[in-house]
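Each remark here refers to the structure printed beneath this line.
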Amino acid sequence: MTHTYKLTGMTCSSCEAKVKSALLTLDSVTNVTVSKDTETVTITMDKHIALFDLQKVLESKYQISAINHSEIGEQTKSWFETYKPILLIFFYIIIVTTLVQTQNTKFDFMQAMRHFMSGFFLIFSFFKLLNIKGFADSYVMYDVLAKKIPVWAYLYVFIELGLGIAFLINFNPILTNSLTVLVMSISIIGVLQSVLNKQKIQCACLGAIFNLPMSTVTIIEDAMMIVMSGIMLCILI
């Protein structure tokens, strides 16, 4: 995508060069055209970059602002494009879970949660297994346990697969849900640390197949599994 921005503060060709050089340091920026005469900068990027991030790489005397596009609209569009794989996965799991419930005489809340969690773990472990080494290399960068015990990154994939099967066949519900709470609680610690420290690293939730950034979306995924397992444990015990 290409956007043209208003850029004030430039007084000479040296300013143009500084602005261009600074903006080209951003990973997604592929081309920059700067004009002090029109006080504009045209940026071509692989994905939308927020104004805040553009301003951050510029000197304080240069002020950048949007001209012909809505920042909120572009950020929303960019967010949906970035997380499309996860959104589609959750959509399909919800649809399948709902369709299964239509075969029952009444909505079975426990069964619906089991099927949802089964689909979650089976699909997410599938994408990790497509390139398990790539997943492990990404996972050890932020997971607290995998950092200390690298083999945990590999074991985690098969634990997810096992949990998916266990939820599907309703194997020992108390054990299955307890293990889910434990494993996902360990996982969410590293995710929280990475997001709070604003580390720009790849999320390994879908393995190395999709380049998803670590964000609050990852926290929500893990938290959702913890909460659902916790609810089922409270009902079972």
Side-chain angles (χ1 to χ4, degrees), residues 1-91 127 131 134-135 137-144 147 188-223:
M1 62 180 68
T2 300
H3 290 314
T4 298
Y5 300 85
K6 178 79 171 177
L7 186 68
T8 59
M10 294 184 294
T11 57
C12 59
S13 57
S14 177
C15 289
E16 291 179 331
K18 284 182 180 179
V19 168
K20 181 174 182 176
S21 178
L23 292 172
L24 284 171
T25 62
L26 292 167
D27 290 339
S28 297
V29 173
T30 57
N31 189 47
V32 177
T33 303
V34 186
S35 173
K36 67 177 177 59
D37 298 325
T38 59
E39 291 190 320
T40 60
V41 56
T42 302
I43 307 172
T44 302
M45 57 194 90
D46 292 330
K47 62 179 181 180
H48 182 72
I49 301 173
L51 265 177
F52 173 79
D53 294 319
L54 295 175
Q55 185 65 64
K56 195 161 58 174
V57 299
L58 297 173
E59 293 181 19
S60 57
K61 68 176 181 178
Y62 305 122
Q63 294 298 310
I64 190 169
S65 57
I67 298 179
N68 298 319
H69 68 275
S70 165
E71 272 296 298
I72 295 176
E74 288 294 338
Q75 287 178 37
T76 302
K77 179 181 176 182
S78 178
W79 188 90
F80 277 107
E81 285 297 320
T82 300
Y83 294 104
K84 184 190 293 183
I86 289 180
L87 295 173
L88 282 174
I89 287 171
F90 274 93
F91 173 75
F127 281 108
N131 184 358
F135 161 75
D137 290 343
S138 296
Y139 200 56
V140 296
M141 292 178 64
Y142 63 88
D143 184 75
V144 290
K147 283 180 180 179
I188 203 172
I189 294 172
V191 174
L192 282 168
Q193 289 177 343
S194 298
V195 172
L196 291 175
N197 292 332
K198 297 181 179 179
Q199 291 179 273
K200 292 187 176 181
I201 58 177
Q202 180 180 346
C203 172
C205 55
L206 286 177
I209 304 302
F210 297 102
N211 184 20
L212 300 175
M214 185 70 69
S215 69
T216 50
V217 173
T218 316
I219 296 175
I220 292 170
E221 291 171 19
D222 290 350

Review point. What's the verdict on side chain to side chain contact (heavy atoms under 4.5 Å, CB included) for Leu54 and Val57, showing C-alpha distance, side-chain angles and the deciding distance?
Key: CA-CA 6 Å; Leu54 295 175; Val57 299; 5.6 Å; no

Quick check against the 3.5 Å criterion: does [X] have a side-chain atom that pairs as donor or acceptor with the backbone of [Y]?
X     : Y     : answer
Ser21 : Ala17 : no
Gln55 : Ala50 : no
Thr30 : Thr44 : yes

Point to revise | Leu192 vs Ile219, side chain to side chain contact (heavy atoms under 4.5 Å, CB included): CA-CA, chis, key distance, verdict | key: CA-CA 7 Å; Leu192 282 168; Ile219 296 175; 3.6 Å; yes

Exercise for review: Evaluate the side chain to side chain contact (heavy atoms under 4.5 Å, CB included) criterion for residues Lys61 and Cys15: first the C-alpha distance (whole Å), next the side-chain angles of each, then the deciding distance (0.1 Å), finally the verdict.
Suggested key: CA-CA 10 Å; Lys61 68 176 181 178; Cys15 289; 4.2 Å; yes

Practice item. Using the salt bridge (charged side-chain N to carboxylate O under 4.0 Å, His left out) rule, collect all pairs that involve residues 20-44, keeping only residues at least two apart or in two chains. Key: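 Non-adjacent pairs meeting salt bridge (charged side-chain N to carboxylate O under 4.0 Å, His left out): Lys6-Glu39.
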
Measure across [X] and [Y] and return the closest heavy-atom pair with its distance rounded to 0.1 Å.
X      : Y      : value
Gly9   : Tyr62  : O-CE2, 3.5 Å
Val144 : Gln193 : CG1-OE1, 3.5 Å
Ser65  : Leu51  : CA-CD2, 4.1 Å

What's the spacing between [X] [atom1] and [Y] [atom2] if we round to 0.5 Å?
X      : Y      : atom1 : atom2 : value
Ser194 : Ile189 : OG    : CD1   : 12.0 Å
Tyr142 : Thr218 : OH    : OG1   : 7.0 Å
Ser28  : Lys47  : OG    : NZ    : 4.5 Å
Ile64  : Thr8   : CD1   : OG1   : 9.5 Å

Do [X] and [Y] come within less than 4.5 Å of each other through their side chains, counting heavy atoms only?
X      : Y      : answer
Lys147 : Met141 : no
Met45  : His3   : yes
Leu7   : Leu58  : yes

Check your understanding: Would you call the rings of Phe135 and Tyr139 parallel, tilted or perpendicular if under 30° counts as parallel and over 60° as perpendicular?
Key ->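 Ring orientation, 0 to 90° scale: parallel.
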
Practice item. Verify whether one side chain among Ser35 and Thr40 offers a donor that lies under 3.5 Å from an acceptor in the other. Key: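 No donor-acceptor contact under 3.5 Å links the two side chains.
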
Review point. Do other residues, nucleotides or ligands put more than 12 heavy atoms under 6.0 Å from the NZ atom of Lys84?
Key: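 No.
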
Review point. Tyr5 and side-chain contact (heavy atoms from CB on, under 4.5 Å): which partner among Leu23, Thr42, Val41?
Key: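 With Tyr5 as partner, side-chain contact (heavy atoms from CB on, under 4.5 Å) holds for just one option, Val41.
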
